[in-house]
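Just follow the structure's listing: the first ligand is 1, and inside any ligand the first atom is 1. Predicted model, so just to flag it, every value in this text is computed and none were measured.
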Amino acid sequence: MEKSEFRKRAHELVDWMADYLEQKENYRVTPGIAPREILDQLPLSPPEKPESFDQIMEDFKEIIVPGMTHWQHPSFFAYFPANNSEPSILAEMLMSTLGAQCMSWITSPAATELEERVCDWLRDAKGIDSSWKGCIHDTASTATLSAILTARERVTNFQVNENGYSGKEVFRVYSSAHVHSSIDKGLKIAGIGVSNLVRIPVDHNFAMIPEELSLAIKEDIAKGFKPLCVVSALGTTSSTAVDPIKEISAICHEFGIWHHIDAAFAGTALLLPEYQGLIQGHELADSYVFNPHKWMFTNFDCTIMYLKEPRYLVNTFSMTPEYLKTDLDEEVNNYRDWGIPLGRRFRALKLWFVIRSYGLEGIREKLRNHMSLAKTAEKLILSNPDLEILAPVNFNTICFRFHSTNLQLADENRHNESWMNQVNATGKAFFSHTKLDGKFVIRWVIGQTDVSEKHIENAWSLLMSKLEEIKKESISTNG
Ligand SMILES: *Cc1c(COP(=O)(O)O)cnc(C)c1O
C-alpha cells in the first residue's frame with residue numbers, strides 16, 4: 001500500500017470507528033448466527049493476486065461485523081467485561097504504527113521506562129505496598145503461571161529449572177473451591193499436576209475459610225507433601241467473592257509458602273480508597289495480579305502483575321544468550337526476563353493514555369457509577385418475590401435466579417437456564433451464568449464503559465417479560 005493511500009484509508013477507518021462507537025448499541029449484542037455461517041462465506045484458499053482495500057473493507061462490514069459479539073455494547077452483562085475507551089483505542093493505533101517489540105530496554109527504552117512508571121502509579125493508587133514492583137503481561141493466566149513457576153523455583157533454589165523434576169517432592173497448591181480455571185491450567189503446564197490443587201472449603205459468602213487452609217497445609221506436611229503456593233481470589237469469577245487476604249497471608253508467611261493474589265477482575269476496585277481494606281495484610285504476600293483489560297477501560301490485552309521480590313521472578317525466567325547481551329543490563333529493566341515470552345507489545349502506552357485522559361478521579365467516578373448501577377439492579381431483583389440473590393454483591397456482579405418452593409432443584413435450574421437463553425436470544429442484552437451450591441444463577445455484571453441507568457431499566461423490562469413466560473412454563477411443569 002502506498003503511503004498516500006494509507007493516509008486516505010486511515011481517515012476513512014477513523015470515521016468508521018467513530019461511527020461504530022457512537023452506534024454500538026444499535027447492534028445486537030450477540031449475532032444470533034449458527035456455527036459455520038461465517039466460515040461458509042470465506043474462500044477456501046487465500047488470494048494469489050492483491051485485492052482492493054475497498055473489497056476487503058466491504059467484506060469486513062458484510063461478513064465480519066455481523067458475526068461479532070459486541071463486547072463494548074452497554075447491554076453486554078455477561079462473563080466479565082473487556083471494556084475499552086477512546087483514549088485506549090487511540091493509543092493502540094499508535095502502538096501498531098510504532099510496531100515496536102519491547103523485549104529489552106535497548107529495543108525500546110521509552111516503552112520500558114513508561115512501563116515501570118505506570119505500574120508504579122497504579123500500585124500507589126491501589127494502596128499496594130510501595131516497595132513492590134510491577135510488570136505487564138498479556139493475561140492473568142500467564143501472570144499466574146509465572147507466579148507458580150517462580151514459587152517452584154524459589155522453593156527448589158532454581159533446581160527444577162536446572163535439572164528438571166527429581167520426583168522426590170510432590171508440590172501442593174491451595175485455593176478456594178471457586179478458583180478460576182487458569183490455576184488448574186497453570187498447574188498442568190508447570191508440571192505440578194491438577195490433582196495437587198487442594199480446594200479449600202468456602203464459607204456462606206463463597207470465601208476461603210482460613211482455618212481450613214491451615215489444616216490442609218498441616219495435613220499435607222504430615223503426609224510428606226511440599227506446600228508450594230496459595231492462590232487467593234480477590235473477586236472470584238463466579239460471584240466476586242473475596243478471600244480473607246490478611247489471614248491467608250499470615251498462614252503463608254508462617255509456613256514459607258508463596259501467596260499469589262488473583263484480583264484479575266475486581267482488583268480495579270482498589271482504585272477506590274473505600275475498597276483498599278480488602279488487601280490489608282498483603283505485605284506478607286508475594287504477588288498480585290489484576291487486569292486493566294477487564295474493568296479499567298484499557299483494550300484487551302493488558303494485565304499487571306506486582307511482586308514483592310521481583311528477583312525471584314527474574315531469576316526464574318532470565319535467559320541472556322550472547323545475541324541479547326548489552327552493557328547496560330545491570331542498570332535497566334529488561335522486561336523479557338519478567339515473564340514467559342521473549343517478545344512484548346508496548347502495552348504501557350494505552351495505560352498511560354487512559355490514566356492521563358480520565359485522571360484517577362475520572363476512573364473512580366466511572367467505577368462508583370458501576371457500583372451504584374449494580375445497587376439499582378440489586379434493589380429491583382430484591383423487590384421481586386419470585387427472585388433471589390445467592391451471593392453478596394461485593395462490587396458490580398449480581399448472581400440471581402428465579403426461585404419457587406414448588407419446584408425441584410433440577411426443574412428450577414432448567415427454568416433459569418431457559419429464562420437466560422430466551423433473554424439472550426433477543427440480542428438486546430447478554431447474560432452468562434454460573435452455579436452456586438448446585439443452583440443455576442444468572443450473572444449480571446455491570447462494568448461497561450458506556451452503561452447507564454437506561455440500559456439497566458431496559459434489561460430489567462426484558463428479564464421481566466421473559467420471566468412471565470418462564471412462570472407459565474413452570475406452572476405446567478408442576479401441574
Ligand atoms: C478473568 C479471570 C482470570 C483470567 O484472566 P485472563 O486475563 O483472561 O487470563 C483469572 N482469574 C480471575 C479471578 C478472573 O476473573
Side-chain angles (χ1 to χ4, degrees), residues 69 71 76-84 88 122 126 134-149 173-190 194 197 199-200 202 205-208 229-245 248 259-270 275 278-279 282 285 287-306 339-341 344-345 347 350-351 370 391 393-399 432-436 443-448:
T69 293
W71 276 73
F76 182 112
F77 300 115
Y79 311 108
F80 283 136
N83 66 19
N84 71 10
S88 168
L122 288 172
K126 284 159 67 88
C135 63
I136 303 180
H137 288 274
D138 54 357
T139 61
S141 304
T142 309
T144 295
L145 172 61
S146 309
I148 293 167
L149 292 170
V173 174
Y174 309 82
S175 68
S176 92
H178 283 250
V179 74
H180 189 265
S181 58
S182 59
I183 320 308
D184 303 64
K185 202 182 205 175
L187 293 191
K188 282 193 198 182
I189 301 168
V194 278
L197 177 58
R199 291 173 199 274
I200 306 299
V202 294
N205 291 328
F206 306 104
M208 191 194 291
C229 177
V230 175
V231 181
S232 63
L234 197 161
T236 57
T237 309
S238 277
S239 70
T240 63
V242 177
D243 290 339
I245 301 298
I248 296 171
H259 180 196
H260 176 66
I261 303 168
D262 178 0
F265 171 70
T268 298
L270 297 183
Y275 285 84
L278 297 177
I279 51 157
H282 75 280
S287 52
Y288 169 99
V289 63
F290 93 108
N291 285 350
H293 72 223
K294 274 185 172 159
W295 189 19
M296 218 191 87
F297 319 106
T298 306
N299 278 64
F300 187 86
D301 50 5
C302 185
T303 289
I304 303 186
M305 180 186 199
Y306 289 106
I340 296 164
R344 309 176 85 246
R345 304 178 64 223
R347 298 187 184 90
K350 54 190 170 183
L351 278 172
H370 290 159
V393 182
N394 291 328
F395 306 95
N396 52 348
T397 299
I398 307 158
C399 296
S432 62
H433 78 280
T434 190
K435 274 194 177 158
L436 296 174
R443 291 167 71 265
W444 191 349
V445 187
I446 301 170
Q448 291 298 353

Check: M296 and N291 side chains under 4.5 Å, non-hydrogen atoms: no
Identity and distance of the protein heavy atom lying nearest atom 4 (C) of ligand 1: H180 CE1, 3.4 Å
Sub-3.5 Å N/O-N/O distance, F300 and ligand 1: no
Polar side chain donor-acceptor pair, H180 to S182, under 3.5 angstrom: yes
Ring centres under 6.0 angstrom apart (F265, W295): yes
Which of the ligand 1 atoms, numbered from 1, are nearer than 4.0 Å to a heavy atom of F80: 15 (O)
Minimum non-hydrogen distance to atom 8 (O) of ligand 1, winning option of L145, V231, T142, T139: T139
G235 neighbourhood, listing ligand 1 atoms whose heavy-atom distance to it stays under 4.0 Å: 13 (C)
Presence of salt bridge, D301 and K294, under 4.0 angstrom: no
Nitrogen or oxygen of K294 less than 3.5 angstrom from that of ligand 1: yes
Over 12 non-hydrogen atoms of neighbours within 6.0 angstrom of OH in Y79: no
Interfacing atoms of ligand 1 (cut-off 4.0 Å, heavy-atom, T237): 12 (C), 13 (C), 14 (C), 15 (O)
Atom indices of ligand 1, in the order listed, that fall short of 4.0 Å to a heavy atom of N291: 5 (O), 6 (P), 7 (O)
Which segment of S182 sits under 4.0 Å of ligand 1 when only heavy atoms are counted: side chain
